[in-house]
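Accompanying notes for the structure given below.
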Amino acid sequence: MNRTIAAPKGVPEYLPPASAAFIAVREALSRPARHSGYGYIETPIFEETALFARGVGESTDVVSKEMYSFTDRGGRSLTLRPEFTAGIVRAVIEHGLDRGQLPVKLWTQGPCFRYERPQAGRYRQLQQVNVEAIGGDDPALDAEVVWLAVAGYRGLGLTGWRLDLTSLGDRSCRPAYRELLQQFLRKLDLDEETRRRVEINPLRVLDDKRPEVAGQLVDAPLMPDHLCAGCERHFDAVREHLTDLGVSWSDAPRLVRGLDYYTRTTFEFVHAGLGAQSGIGGGGRYDGLMADLGGQPLSGIGFGLGVDRALLALEAEERVVVSGGRVSVYVVPLGEEARRRALVVATELRRAGVAADLAFGGKGLKGAMKAADRSGAVCAVILGERDIAEGVAQCKDLQSGTQRAVPLVDLVRTLKETLES
RNA sequence: GUGGGUGUAGCUCAGCUGGCAGAGCACCGGGUUGUGGUCCCGGGUGUCGUGGGUUCGAGUCCCAUCACUCACCCCA
C-alpha cells in the first residue's frame with residue numbers, strides 16, 4: 001500500500017502568503033523584550049525527562065499525560081520541551097548566569113510540544129515567545145514583565161483581550177490555604193478523578209468549568225483572602241506599578257495555572273474570539289524553581305505567549321497583518337539571449353538592495369507578464385532581443401501601464417530612483 | 001482518554017427516493033509569432049479517504065477502518 005505521507009497529527013503549518021503574518025506576530029510579541037534589556041537564549045528543544053518532571057511538577061497534566069518522551073540510542077529518557085521555563089532555569093544554573101549581575105533577563109522563542117488531543121487553537125506543536133527574569137523579587141520586576149506581554153499585544157494591534165491577575169501566595173501562606181481549601185472541597189459531591197485532584201493539587205479544582213462542579217465552588221475560600229503580610233505587600237506593590245504603567249487588569253482570585261512552580265504574582269491573557277481555548281498567554285512568579293532544580297535560591301518571573309493563538313485572535317478580530325515576500329521589480333526575458341541576461345539583471349538589482357524576481361523556465365511573454373503582475377512588483381523590466389541589441393530594457397510601470405526604454409547601464413540607478421520617489 | 005461532526009478537483013463546496021463525476025475560484029493554453037491586471041474561447045487537473053457488503057448498477061444504502069475537525073478534561 002502506497003499512501004502519501006501527511007503531517008503528524010495536530011501540527012499547524014504556515015504557508016505563504018499567510019506565513020508572513022506568523023512571522024509578523026512572533027516579531028511583534030518579542031519586540032518589547034528585545035528593547036528592554038533582555039538577552040536572547042537558545043536552549044535545546046529536548047531535555048532530560050527528569051527536568052520537566054521535577055521542574056514543571058509530577059502532578060500537572062503537562063507532565064503526567066502530555067509529554068512527548070522518547071528513549072535515545074544511549075538509553076536516556078528525553079522529552080520534547082512542553083514549555084520553556086524549566087529548560088531556561090536549567091541553563092542559567094548550568095552556565096552560572098546567576099553569578100553575575102541580577103536579575104538575569106532572557107527571552108526566547110520557538111516550538112514546544114504537548115501530546116494532547118488537538119482542537120481549535122490547541123496543537124501538539126505550539127509556538128511561544130517566552131520571557132524570564134531570574135534573581136529579583138522587586139515588585140517592579142513583576143510589573144515590567146507583565147508590561148512586556150501587554151506591550152506585545154498592543155504592538156500587534158490586538159484589542160479584544162483581558163489580563164487576569166492574582167497572587168498564589170508563597171510557602172509561608174499557601175500551605176495553610178491549601179489545607180483550608182481541601183477541607184472545603186472534601187465536603188463536596190465530586191467525581192472520583194476530581195477527588196483525587198483535591199488531594200494532589202486542590203487549587204486546580206477551582207479552575208473546573210463543568211457547571212456541576214463550578215456551581216459548588218461559589219463559596220470556596222480564595223487565595224487572595226489568605227495571603228501572608230509579605231505576599232499581600234508584594235501584590236499591592238505590583239498592582240500600584242501596573243497602574244503607574246497604564247496597564248489595566250481584572251482581579252481573578254480563582255485563576256490557577258497548569259504548572260506547579262508558580263508562586264505570588266500569576267497572570268493570564270484571555271481572548272474571547274478563539275473558541276474553547278481562550279488563553280493566549282500567561283505566566284507568573286516561580287520563587288522556588290531555581291532551588292528545586294539545584295541552583296541557589298533565587299526567585300524569578302516569566303511568561304509564555306502563544307504565537308499560534310495570537311494569530312487566531314488577530315484573525316478573529318479580522319485584523320489584516322502585513323503581507324510579505326513581495327518584490328519591487330520583476331524581470332521578464334524574451335528569447336534565449338535575454339534569458340541569460342535576466343538572471344544577471346535581477347542579481348544586480350538585488351545587490352543594490354532592490355527586491356527583485358524574474359521569470360524562469362520557458363514561460364511565454366504573456367505568462368511572464370502575468371507572473372510579474374502577481375508578484376506585486378511595482379514595475380516590470382522587459383528584456384527582449386531587440387532591446388538588448390539596442391543596449392536598453394523596457395521598464396513598465398505595472399499600475400499605470402506606461403513603459404519607457406532605459407539604457408541597460410543606467411537600469412539599476414534609474415529603478416532605484418523610481419522606487420524611492 | 002471520552003463524546004459529536006465531516007471526508008467528492010489545488011481551494012470552498014453541490015450532487016434528490018441508488019442510474020454517464022459537477023459548480024465557483026485557482027491553474028494551464030489560445031484570442032495578441034514583443035506586453036500583465038478587465039474581457040472572450042478552450043482545457044477537469046478526480047483512487048468520490050480506505051477496505052468489504054447489499055444491488056443489474058453505489059459518491060449515494062450497510063459494516064469496518066483511517067484521517068480531519070469541534071467539544072470535554074486540561075492548556076499557549
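Chain letters run A, B, ... following the sequence lines, proteins first and then strands; every chain starts at 1.
At the heavy-atom level, A:Arg197 lies under 4.0 Å from the strands shown only through sugar-phosphate atoms. Nucleic acid contact for A:Ile280: sugar-phosphate only, since backbone atoms but no base atoms lie under 4.0 Å from a heavy atom of the residue. If you check every strand for non-hydrogen atoms under 4.0 Å, A:Gly121 touches a base. Within the nucleic acid shown, A:Gln127 has no heavy atom closer than 4.0 Å to any nucleic acid atom. As judged by a 4.0 angstrom heavy-atom cut-off over every strand, A:Asp387 is placed among the base-contacting residues. Within 4.0 Å of A:Arg204, counting heavy atoms only, lie sugar-phosphate atoms of the nucleic acid but no base atom. Using a 4.0 Å heavy-atom criterion, one finds that A:Arg374 contacts the sugar-phosphate atoms exclusively. Counting non-hydrogen atoms under 4.0 angstrom, A:Lys366 reaches a base of the nucleic acid.
Using modelled atom types, one finds a donor on one side chain and an acceptor on the other under 3.5 Å when comparing A:Asp142 with A:His234. For A:Tyr68 and A:Gln125, the side-chain atoms include no donor-acceptor pair closer than 3.5 Å. A donor and an acceptor atom, one from each side chain of A:Tyr286 and A:Glu132, are located under 3.5 Å apart.
For B:rC74, the base has a donor-acceptor partner in the side chain of A:Arg122 [N/O atoms by modelled type, under 3.5 angstrom]. Judged by atom type and distance alone, A:Glu116 reaches the base of B:rA76 through a side-chain donor-acceptor pair under 3.5 Å.
Closest contact between the side chain of A:Ala120 and the listed nucleotides B:rG36, B:rA71, B:rA76 involves B:rA71.
Taking the C1' atom of each, B:rG24 and B:rC20 are spaced 23 Å apart, rounded to whole Å. Here, B:rG49 and B:rG59 have their C1' atoms 12 Å apart, quoted to the whole Å.
Of the nucleotides present, B:rG19 is the one that pairs with B:rC56 by Watson-Crick or G-U wobble criteria, both distances under 3.5 Å. Remark: B:rA67 base-pairs with B:rU6. Criterion, Watson-Crick or G-U wobble with two distances under 3.5 Å.
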